[in-house]
Number of protein chains: 2
Amino acid sequence: MKSYGQYCGLARAAELVGERWSLVILRDLLVGPKRFNELRQGIPGIPSNLLTSRLRDFEDASVVERVLDGRNVVYRLSEYGQGLEPIVVGLGRWGARQMDVPRENEVPTDNSLAAALLTARTDEKVQAFSVEVTAGPATAHADVSATAVSVATGPFPDADLRLGGSSLRRLLADGDIDAAISSGAVTAKGPATLLKEFTRAFSTPLDEVAHNLP
Amino acid sequence: MKSYGQYCGLARAAELVGERWSLVILRDLLVGPKRFNELRQGIPGIPSNLLTSRLRDFEDASVVERVLDGRNVVYRLSEYGQGLEPIVVGLGRWGARQMDVPRENEVPTDNSLAAALLTARTDEKVQAFSVEVTAGPATAHADVSATAVSVATGPFPDADLRLGGSSLRRLLADGDIDAAISSGAVTAKGPATLLKEFTRAFSTPLDEVAHNLP
DNA sequence: CCGGATCCCATCCGATACTG
DNA sequence: CAGTATCGGATGGGATCCGG
């Protein structure tokens, strides 16, 4: 990890989060503690030596803690690391403005889908429900209660609502469920009332960031 | 600029801001539009070819605009790029938690000092005043009015208040002016009432981020 | 299997020199 | 002033290997 030679908060932060894979690893840890191989498999393309190296840098900076969970090693954000949540979420929203169309070979992952749910959370009060979301090969779910929202990767067989489709992002952006479903871009299984609750609880209005993209 | 292969807002953002020097360049542009050599001189150590390359990537992503100012080229954030402000400011605050002591060969720059003022802005209503701040080789200033705060690099001869010293960061963190001045860590020239206004207008309470650092 | 370490090649970065 | 060109060294990518 090389210094920028400036006595500056942003420069210090950039030394940590401004290296390749750093932000993606932090995104995944934001969803919850993960084992080494969970991280590795959840981040296609990351070389294991770089994952090792980044985790060590995070440990040295007290951003991540390496703890034993039973006989397994898990990595989890420290309290200090949790302070990155609004930043990573904000960056995710900002970057979503550029996601107009998937690029060649670009896929969603379980963790990126879970992170998208975290990012889209509105903090509006809604009726409690659970939802499972699928996008291509990726699955994640959320459990919304009156007081909190918990998000995790993978399927959730007992979910009240089940959403799928290639254009979930557009659904989160527009909030126009009927249009999304009738155009076939999104499929939904569950009570119509919960669909409405979903778009109230999760939404990423893109004009919240700026407008002058290519 | 290499893709992370994930259809994910954060991954897209990370491709832009997660490369070396990117965040530091954006920090400086956040203070105001800059010419190529202003950026270069304001960022000690950046190779000119990398500055060129980053600016081009930003242009391609519509984050930065290359415009003519008279006969000069200036780079300025687009409206979309301005959307990064809360993120860069947040990162600066988060990283400030690690700035306990300057490292070997680590200096403040005019731009990092100006950015620190931006970062420390509290939005509290205060009496109007202007302040010039000096830390080692770096100088910046701010003009605080009832409705807005403008920050820029360099000296401001007519400033109502003049602050200097090696531990300005501690002043911003603690807000304890009297202690800072009587210990000699900070020197101040100007009315005592403005000193009070300064610490109300600018402050970076570090326990706003987390507590468990080394 | 899990949690890495090692090796080798490609790419990127850093420093300096040079140019319209 | 605003960048290109170049080249050695550092870092990343991908595969393989290893100890528990």
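Residue numbers begin at 1 in each chain, while the letters A, B, ... track the order of the sequences.
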Whole-Å distance, B:E59 CD to D:dA2 C1', equals 13 Å
Strictly by modelled atom types, are B:E59 and B:Y75 linked by a side-chain donor-acceptor pair under 3.5 Å? no
Separation of atom CD in B:E38 from atom P in D:dG3, rounded to whole Å: 13 Å
For nucleotides 4-17 of chain C, give me one character per nucleotide, 5' to 3': B if any protein heavy atom sits under 4.0 Å from the base, S if the only such contacts are to the sugar-phosphate, - if neither. BBBB-----SBB--
Measure from CG on B:L39 to C1' on D:dA2 and round the result to the nearest Å. 12 Å
Round to the nearest Å and state the distance from A:Q41 atom CD to C:dC2 atom C1'. 10 Å
Given side chain to side chain donor-acceptor pair (under 3.5 Å), test A:R76 with A:Q82 step by step and report yes or no. CA-CA 9 Å; A:R76 71 164 179 227; A:Q82 287 283 351; over 6 Å; no
Does the distance from a Lys or Arg side-chain N to an Asp or Glu carboxylate O, for A:D160 and A:K189, drop under 4.0 Å? no
B:T153: what forms a side chain to side chain donor-acceptor pair (under 3.5 Å) with it, not counting sequence neighbours? none
To the nearest angstrom, the CG-P distance between B:L68 and D:dG3 comes to 10 Å
In whole angstrom, give the distance that lies between atom CG of A:L51 and atom P of D:dG14. 14 Å
For the residue pair A:R27 and B:Q6, confirm or rule out a side-chain donor-acceptor distance under 3.5 Å. yes
Within the side chain of B:R12, is there an N or O that forms a donor-acceptor pair under 3.5 Å with the backbone of A:Q98? yes
